[in-house]
2 protein chains.
Amino acid sequence: MPVTIYDVARESGVSMATVSRVVNGNPNVKPSTRKKVLETIERLGYRPNAVARGLASKKTTTVGIVIPDISNAFFAEVVRGIEDIASMYHYNIILSSSDKKVEKELSLINTLLEKQVDGLLFMGAEVTNDHLEIFKTSTVPIVLAATKDPSKMFPSVDIDHFQAAKDAVNAFIQGGHRKIAIITGPLTDPLTGLDRFNGYKAALEEANIPFDEQYVRVGDYHYESGLEAMNDFLSLAEKPTALFAASDEMAVAAIHAIQDNGLQVPQDIEVRGFDNIPISSMVRPLLSTVAQPQYDIGAVAMRFLTKHMNEEPITDQFVILQHQLINRQSTK
Amino acid sequence: MPVTIYDVARESGVSMATVSRVVNGNPNVKPSTRKKVLETIERLGYRPNAVARGLASKKTTTVGIVIPDISNAFFAEVVRGIEDIASMYHYNIILSSSDKKVEKELSLINTLLEKQVDGLLFMGAEVTNDHLEIFKTSTVPIVLAATKDPSKMFPSVDIDHFQAAKDAVNAFIQGGHRKIAIITGPLTDPLTGLDRFNGYKAALEEANIPFDEQYVRVGDYHYESGLEAMNDFLSLAEKPTALFAASDEMAVAAIHAIQDNGLQVPQDIEVRGFDNIPISSMVRPLLSTVAQPQYDIGAVAMRFLTKHMNEEPITDQFVILQHQLINRQSTK
DNA sequence: CTGTTAGCGCATTCAC
DNA sequence: GTGAATGCGCTAACAG
C-alpha cells in the first residue's frame with residue numbers, strides 16, 4: 001500500500017539506485033535528475049522504510065538504553081543528556097527500564113541486541129558475570145554509564161563515588177564534627193552503596209575518628225527510608241551533629257525529620273545529600289549536596305558510544321567525571 | 001558473521017521454515033524436531049534478527065513516543081506508565097523529546113514513522129493543523145496522551161483541565177476566599193495553560209467574584225517563574241489570600257516566596273498546586289494539589305494504543321481520566 | 001552520472 | 001508436520 005522506492009523510480013523515470021542516491025544525499029546525481037526525483041518524492045509522499053534500509057545496510061541508527069527507572073529524577077536527567085547527543089548524531093534511542101532486576105536487565109539487553117541496535121548504553125547497580133557473558137555476545141559496542149565494570153572489559157563513564165563521599169565527610173570533619181552519621185544506599189550496590197560507604201569510613205579513619213555503627217543506617221535512596229533512618233539517629237543518646245545521606249531525597253527527608261523533632265538545620269545538625277537533583281534547590285533550607293554531573297554522564301556516555309560505533313580512536317576507556325561539593329543552606 | 005536462521009536450519013537438518021516456526025512458537029512442529037532445533041539454537045547462540053523479521057512481517061513490535069521533555073517529573077512518570085504496559089504487551093519504545101518545538105515534533109513523528117513503529121503516542125502542548133497533516137499520513141494508529149485534538153480526529157487520553165482548575169478554585173471559594181490569585185502556564189498551551197485559566201475564571205464568575213487581572217501571572221511551570229510571580233503578588237496593596245498555581249513546582253516556589261516575606265502558609269495565604277509530582281510530598285508544608293494520574297495517563301494511553309494496533313473494538317475514542325483534589329498542609 | 005543485479009534475514013504462502 | 005519458493009524495501013557493489 002505505501003509508496004516504495006520502486007514507485008518513485010518508476011514515476012520519475014530513473015532507477016531505484018538513483019532514488020536511493022538522492023534520498024541518501026549522495027552527490028553523484030545530476031542536479032536536474034535530483035530535482036525531478038525530489039519532486040516525485042514530494043508528490044507521492046514517499047517515506048523511506050528504515051527497516052528495509054537497516055536490513056540492507058546493517059545499520060539502524062538506533063541505540064539501546066537500559067536504565068533502572070526512568071521516573072527517577074537522577075536517571076531522567078542522564079537520559080536527557082543521552083538523548084540530546086543521540087539526536088545530534090541522528091540516532092534514536094530505545095529506552096527500557098529494568099528496576100535493577102538482573103533477570104530483566106539481561107532480557108532487555110537481549111531484546112535490544114535482537115533489534116539490531118548500533119550500540120548499547122547500560123546503566124545498572126552492578127555489572128555481574130552474567131552481564132559480562134551477554135555483553136560478550138554483542139557485535140556492537142557497549143558503554144556503561146553511571147556504573148562500572150570491575151573486570152575492566154567494557155568502557156564506562158562515571159564519577160568516583162568513593163572519593164566523592166570521602167570529600168563530603170571530610171568537609172564535616174574540617175568543620176569540627178566528630179559525630180557524623182550516614183544514611184547509605186543498599187550495600188549490595190557496589191558503587192552508589194558500598195563505595196560511598198567506604199569513602200565515609202576512610203574519611204573517619206584518616207581523621208582518627210572511631211567508626212561507630214550506631215551512626216550508620218541503610219536506606220534505599222528514597223524519601224521514606226531517609227525519614228526512618230533519621231528518626232533512628234534522633235533517638236540516640238548521643239545524636240549526630242552532621243549527616244551525610246547517599247541521596248538527596250533521603251537528605252531532604254532527614255531535614256524534615258530533624259525539624260519535626262524541634263531541631264534546626266544546619267544549626268543543630270548539618271546535612272549533606274548526594275546527586276544534586278532538582279529538588280535540592282527547591283526546598284528550604286536549600287540542600288547542600290555532592291553534585292554528580294548527571295546530564296554530562298549521559299551526554300559523555302553517548303558521545304563515547306558514537307566514537308566506538310564509528311571506530312574513532314579512543315584514548316581512555318574509563319572516564320571519570322568530576323563531582324563537586326555544593327554548599328547551600330543545610331551546611332554551615 | 002552472526003549466525004542466521006539459515007545456519008540453524010542447516011545444522012539441525014531442517015528447513016528455515018521449521019526453524020522459523022519453533023522460534024515463533026508455532027505449534028505445528030513435532031516435539032522431537034522442536035527439541036532438536038532448540039538445541040542447535042542454544043549451541044550456535046542464534047539470536048533472531050528483529051529487523052529482518054520486521055521487514056518480512058511488517059511488524060516491529062516497537063512504538064514511538066514523542067514527549068516534551070523526559071527530565072520533567074510529570075512526563076517521566078507518564079513514560080513510566082507507558083513503558084510498563086508496553087513491556088507487558090512485548091513492545092519496545094523509541095523515546096524522543098521535542099521540547100515542545102513544533103518543528104521538532106513534526107520531524108520526530110516523521111522519523112518514527114520511517115522506522116516503521118507499530119503505533120505512536122504523542123504528547124505535546126498543542127495539536128495543530130500541521131500535526132494533523134502528518135498524523136494523517138500515518139498508516140499506524142496514533143494516540144494522544146496528556147493532550148487533545150480539537151478536531152476530534154485522533155483518540156486521546158487526558159484529564160479535564162478546565163474542570164480540575166475550577167474545582168481547585170471552588171475549594172478556595174468555599175473556604176471563604178475572594179482574593180484568589182493564579183499563576184498560569186503559558187496561555188499558548190490550550191489545555192494546561194488556557195483551559196486551567198478558564199476554569200479559574202469560570203469559578204470566580206459563578207461565585208460572582210469580579211475577575212481581577214492583578215491576581216493573574218503567567219509562568220512556565222518551573223520553580224523560578226513561580227518565585228517571580230508570587231513576589232509580584234506579595235507587593236500588591238491587596239495581597240491575595242489564596243493562590244492556585246498551574247504546576248507543583250510553581251506552587252512550591254510560591255510557598256517559599258511567601259515564607260521569605262515573613263508570612264505563613266496556609267495561615268496567611270493558602271496554596272494549591274497542580275499535578276501531584278513527587279516533590280509535592282517532599283516539602284514542608286506538604287503541598288496541597290490537584291492530582292493528575294500521571295502513571296495512569298501513560299498506562300491507559302499505551303493500553304489504548306495496543307487496542308488500536310490489534311484492531312480491538314473501542315467504545316470511546318476520548319478517554320478522560322479523573323483528577324483529584326488532594327488536601328495536605330498548604331491549604332486549611 | 002546512472003542502471004543492473006544481488007542479497008540483507010526472515011515470514012509466509014503453497015505444496016507435499 | 002515439513003520444505004521450497006518468493007518477496008518485504010532497500011543498499012551496495014559493479015558496470016557502463
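For clarity, every value in this text was computed on a predicted model and none was experimentally measured. Quick note: numbers below take in every heavy atom, side chains included, and nothing from hydrogens, waters or symmetry partners. Chain letters run A, B, ... following the sequence lines, proteins first, then strands; residues in each count from 1.
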Do other residues, nucleotides or ligands put more than 12 heavy atoms under 6.0 Å from E42(B) CD?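 Counting other residues, nucleotides and ligands, CD of E42(B) stays at 12 neighbours or fewer.
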Heavy atoms under 4.0 Å, any strand shown: does V14(A) hit a base, just sugar-phosphate, or nothing? sugar-phosphate
Contact class for S20(B) (heavy atom, under 4.0 Å): base, sugar-phosphate, or nothing?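 It contacts base atoms.
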Per [X] side chain, nearest of listed nucleotides [options]:
{"X": "R53(A)", "options": "dG9(C), dT11(D), dT2(D)", "answer": "dT11(D)"}
{"X": "A17(B)", "options": "dA12(D), dT2(C), dA4(D)", "answer": "dA4(D)"}
{"X": "A56(A)", "options": "dC10(C), dG9(D), dG3(D)", "answer": "dG9(D)"}
{"X": "I5(B)", "options": "dA4(D), dT2(C), dA11(C)", "answer": "dA11(C)"}

Closest-nucleotide ordering on DNA chain C, the 5'-leading residue of R21(B) and V51(B):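 Closest to the 5' end, via its nearest nucleotide, is V51(B).
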Spacing of [X] atom [atom1] relative to [N] atom [atom2], expressed in whole Å:
{"X": "Y6(B)", "N": "dA5(D)", "atom1": "OH", "atom2": "P", "value": "12 Å"}
{"X": "L55(A)", "N": "dT11(D)", "atom1": "CG", "atom2": "P", "value": "11 Å"}
{"X": "R47(A)", "N": "dC10(D)", "atom1": "CZ", "atom2": "P", "value": "12 Å"}
{"X": "N24(B)", "N": "dT13(C)", "atom1": "CG", "atom2": "P", "value": "13 Å"}
{"X": "N28(B)", "N": "dT13(C)", "atom1": "CG", "atom2": "P", "value": "14 Å"}
{"X": "N49(B)", "N": "dC10(D)", "atom1": "CG", "atom2": "P", "value": "17 Å"}
{"X": "R10(B)", "N": "dA4(D)", "atom1": "CZ", "atom2": "C1'", "value": "17 Å"}
{"X": "K59(A)", "N": "dT11(D)", "atom1": "NZ", "atom2": "P", "value": "14 Å"}

Whichever of M16(B) and S32(B) has its nearest DNA chain D nucleotide further upstream toward 5':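 That would be S32(B).
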Please compare V29(B) and A52(B) by the position of their nearest nucleotide in DNA chain D and report the one closer to 5'.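 Mapping each residue to its closest nucleotide by heavy atoms, the 5'-most match is V29(B).
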Side chains of [X] and [Y] in contact at under 4.5 Å (non-hydrogen atoms):
{"X": "V102(A)", "Y": "E105(A)", "result": "yes"}
{"X": "I70(B)", "Y": "I70(A)", "result": "yes"}
{"X": "Y91(B)", "Y": "T306(B)", "result": "yes"}

Closer than 4.0 Å, any side-chain N/O of [X] to the OP1 or OP2 of [N]?
{"X": "S57(B)", "N": "dA11(C)", "answer": "no"}
{"X": "T4(B)", "N": "dG9(C)", "answer": "no"}
{"X": "S15(B)", "N": "dA4(D)", "answer": "no"}
{"X": "K58(B)", "N": "dG9(D)", "answer": "yes"}

Salt-bridge present (R303(A), D84(A); N to O < 4.0 Å): no
Ring-plane angle category for F135(A) and H131(A), please: parallel below 30°, perpendicular beyond 60°, tilted otherwise. tilted
